[in-house]
There are 2 protein chains.
Amino acid sequence: MGAQTSRTDEWADVTPDAARRLLAAGVAAFAERGYHATTTRDIAGRAGMSPAALYIHYRTKEELLYRISGVGHRLALDILCRARDGAGTPAERLAEAVRRFVRWHAEHHTTARVVQYELGALGEEHRAEIVALRRETDAAVRSIIEDGVASGDFDVPDVRGTALAVLSLCVDVARWFNAAGERTPAEVGDLYADLVLRMAGHPGPSPRPA
Amino acid sequence: MGAQTSRTDEWADVTPDAARRLLAAGVAAFAERGYHATTTRDIAGRAGMSPAALYIHYRTKEELLYRISGVGHRLALDILCRARDGAGTPAERLAEAVRRFVRWHAEHHTTARVVQYELGALGEEHRAEIVALRRETDAAVRSIIEDGVASGDFDVPDVRGTALAVLSLCVDVARWFNAAGERTPAEVGDLYADLVLRMAGHPGPSPRPA
DNA sequence: GTCCGCCCTAAGCGCTCGCTCAGGCCCGGG
DNA sequence: CCCGGGCCTGAGCGAGCGCTTAGGGCGGAC
């Protein structure tokens, strides 16, 4: 009946309670039907409120999407930055980045779907702000690959193109992942870490950090 | 002003002329704004007609999407089937499949975007029909990889998962590819053929068919 | 010339959308 | 006790939606 919350609440620091419930309801609705096919009545209903209540906490339906998008992008970016700045060889860091990033996209695939595929529904300035976050995401992946090329761990003729492909591959997990499917988020993360190291020309199985 | 047509017209065999123009206008509009954010007035306007004209050739807006989706999926599936059934080693066939498939997704990225990302907007029976086509697509890729594993050309521990990842990687090109960007469709196809062979554990550069 | 059938348009119907507004409940401070 | 502000609801506005309907123009058969 109520909003479908994720297992570890990603919106824990949003207050007041009603605003948080609306956010979670928005994520569920947008992920299921898409932004434009979702009505404010549907969102409010999932949160157990009347349609008018939405406008006490958010100025428009678009602002609700913007908040979701901002929180989601920052969480995903954080995962990559931590891996980039962590200890270990470039191969360990790339494997760890992909493993965690993919796992997040699988576990929170409803949020990730909204974050990755409803960007076009944002207004002009809000979209520009989110696109900037995305460029940082891209730079983080590229940076790890560059480290590996410099150290000789990787063999990558086209660093920009490979970084783009790696990110594209990981992000698309949100589209096809199904919680009722046969693979757990952790399994997909491990598989993808392996595939990405192969793309980077790293010999042997994907290493775990020490 | 008029509908934006692709360089090689993919809708050549759709008649009458007005129906084809509406299809092309629908593709352009859906790709730009998404199905739900597109109005029938917008589609008709791009085709240079009044809103009512749409309903002479298509029963509903959803049927227009269904036609687009059907034609697009069949074109993409055809590319993979031809590569699967072609001559050459598994590595040559996989490289060729990816090269052509990716190139199509880049060249026709507006069509591909609609085909890949607006599936959820289809009605129940129409969606089931399209999903069946998609399963064939998946099977074609898996089949080539299985051939390579059997012949010893590939080293793939998880065939199902790798096939899924390969397809996901290729399909997502439609999302990020930008015609004004720095890479041509052919360049992206070559890069991706290389990356996919690495994912399949094939040593050396991606071979061209004889 | 006359008529028929195909394409098309102008006008508009019924509906649902995002969003607003006047007012009610409830809880903490005096 | 009363009051005031934060949170919420019921009712509904104006707009734009998908789609329909009545009829006009026009080219080919006779």
Side-chain angles (χ1 to χ4, degrees), chain A residues 1-3 11 13-69 114 118 120-127, chain B residues 1-3 11 14-30 32-69 114 118 120-127:
Chain A
M1 276 300 130
W11 318 107
D13 51 348
V14 177
T15 54
D17 183 69
R20 177 172 50 251
R21 269 157 50 218
L22 284 167
L23 262 190
V27 168
F30 292 157
E32 200 173 306
R33 307 204 217 293
Y35 176 81
H36 288 293
T38 298
T39 70
T40 54
R41 284 161 176 85
D42 182 20
I43 298 169
R46 285 174 194 245
M49 305 161 123
S50 83
L54 196 153
Y55 293 91
I56 293 165
H57 302 283
Y58 302 97
R59 286 187 305 114
T60 63
K61 175 179 151 188
E62 190 266 351
E63 186 182 307
L64 180 62
L65 174 63
Y66 168 64
R67 293 293 177 86
I68 291 169
S69 203
V114 176
E118 301 293 346
L122 287 172
E124 205 61 50
E125 332 78 74
H126 285 166
R127 182 164 56 241
Chain B
M1 276 301 122
W11 318 107
V14 177
T15 54
D17 182 70
R20 176 173 49 251
R21 268 156 52 218
L22 284 166
L23 262 191
V27 168
F30 292 156
E32 201 173 306
R33 306 203 216 294
Y35 175 81
H36 288 294
T38 299
T39 70
T40 54
R41 285 161 177 85
D42 181 20
I43 299 170
R46 284 174 194 246
M49 306 163 119
S50 82
L54 197 152
Y55 293 91
I56 295 165
H57 302 283
Y58 302 97
R59 286 188 306 113
T60 63
K61 176 179 150 187
E62 190 265 352
E63 187 183 306
L64 180 63
L65 174 63
Y66 167 63
R67 293 293 176 86
I68 291 169
S69 203
V114 176
E118 302 293 346
L122 287 172
E124 205 61 50
E125 332 78 74
H126 285 165
R127 183 165 58 241

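Residue numbering restarts at 1 for every chain, and letters A, B, ... go by the order of the sequence lines.
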Peer 1: Testing the basics here: between Leu22(A) and Leu54(A), what is the closest heavy-atom pair and its distance to 0.1 Å?
Peer 2: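 For Leu22(A) versus Leu54(A), the nearest heavy atoms are CD1-CA, 3.9 Å.
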
Peer 1: Any idea which heavy atoms bring Ala25(A) and Ile43(A) closest together, and the distance?
Peer 2: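 Reported closest heavy-atom pair: CB-O, 3.5 Å.
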
Peer 1: Consider the side chain of Thr39(B), meaning its heavy atoms from C-beta on, and name the nucleotide among dC17(D), dC19(D), dT21(D) that approaches it most closely.
Peer 2: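 Shortest atom-to-atom distance from the side chain points to dC17(D).
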
Peer 1: Heavy atoms only: give me the nearest Leu65(A)-Val114(A) pair and the separation to one decimal.
Peer 2: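 Smallest interatomic distance, heavy atoms only, reads CD1-CG1, 3.6 Å.
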
Peer 1: Measure from OH on Tyr55(B) to C1' on dA22(D) and round the result to the nearest Å.
Peer 2: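 Going from OH in Tyr55(B) over to C1' in dA22(D) covers 18 Å.
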
Peer 1: Whole Å only: how far is the CE atom of Met49(A) from the P atom of dT9(D)?
Peer 2: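 Rounding to the nearest Å, CE of Met49(A) and P of dT9(D) are 6 Å apart.
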
Peer 1: Compare every heavy atom of Tyr35(A) with every heavy atom of Ala121(A), then report the nearest pair and how far apart it is.
Peer 2: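 In this case the closest contact between Ala121(A) and Tyr35(A) is CB-CD2, 3.4 Å.
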
Peer 1: More 5' along DNA chain C: Arg59(A) or Ala53(B), using each one's nearest nucleotide?
Peer 2: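 First, find each residue's nearest nucleotide; the 5'-ward one identifies Ala53(B).
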
Peer 1: Does OP1 or OP2 of dG6(D) have a side-chain N or O of His57(A) closer than 4.0 Å?
Peer 2: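 Checking His57(A) against dG6(D): no side-chain N or O falls below 4.0 Å of OP1 or OP2.
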
Peer 1: Does any part of the side chain of Arg33(B), heavy atoms only, come nearer than 4.5 Å to the side chain of His36(A), both counted from C-beta?
Peer 2: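 No, too far: nothing below the 4.5 Å cut-off.
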
Peer 1: Between P on dG6(D) and CG on Asp17(A), what's the gap in Å once rounded to a whole number?
Peer 2: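 My rounded result for the distance is 18 Å.
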
Peer 1: Using whole Å, report how far CG of Leu22(A) lies from P of dC8(D).
Peer 2: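 The distance from CG of Leu22(A) to P of dC8(D) comes to 8 Å, rounded to the nearest Å.
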
Peer 1: Separation of Tyr58(A) atom OH from dC7(D) atom C1', in whole Å?
Peer 2: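 Distance check: Tyr58(A) OH to dC7(D) C1' gives 14 Å.
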
Peer 1: Side chains of Arg46(A) and Glu32(A), heavy atoms from C-beta outward: is any pair under 4.5 Å?
Peer 2: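 Of all side-chain heavy-atom pairs linking Glu32(A) with Arg46(A), at least one is under 4.5 Å.
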
Peer 1: For Phe30(B), is the NZ or CZ atom of Lys61(B) found under 6.0 angstrom from the centre of its six-membered ring and inside 45 degrees of the ring axis?
Peer 2: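 Ring-cation test returns no.
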
Peer 1: For Leu54(A) and dC8(D), what is the distance between atoms CG and P respectively, to the nearest whole Å?
Peer 2: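 It works out to 11 Å between those atoms.
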
Peer 1: According to a strict under-4.0 Å criterion, is Thr40(B) in side-chain N/O contact with OP1 or OP2 of dG18(D)?
Peer 2: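 Yes, Thr40(B) has a side-chain N/O under 4.0 Å of OP1/OP2 on dG18(D).
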
Peer 1: Extract, from 5' to 3' on DNA chain C, the first and final nucleotides lying under 4.0 angstrom from some heavy atom of chain A.
Peer 2: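 Both ends considered, the range comes out as dC17(C) to dC21(C).
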
Peer 1: Determine whether any donor atom in the side chain of Arg41(B) lies under 3.5 Å from an acceptor atom in the base of dG18(D), or the reverse, and answer yes or no.
Peer 2: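 Checked by distance alone, the answer is yes.
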
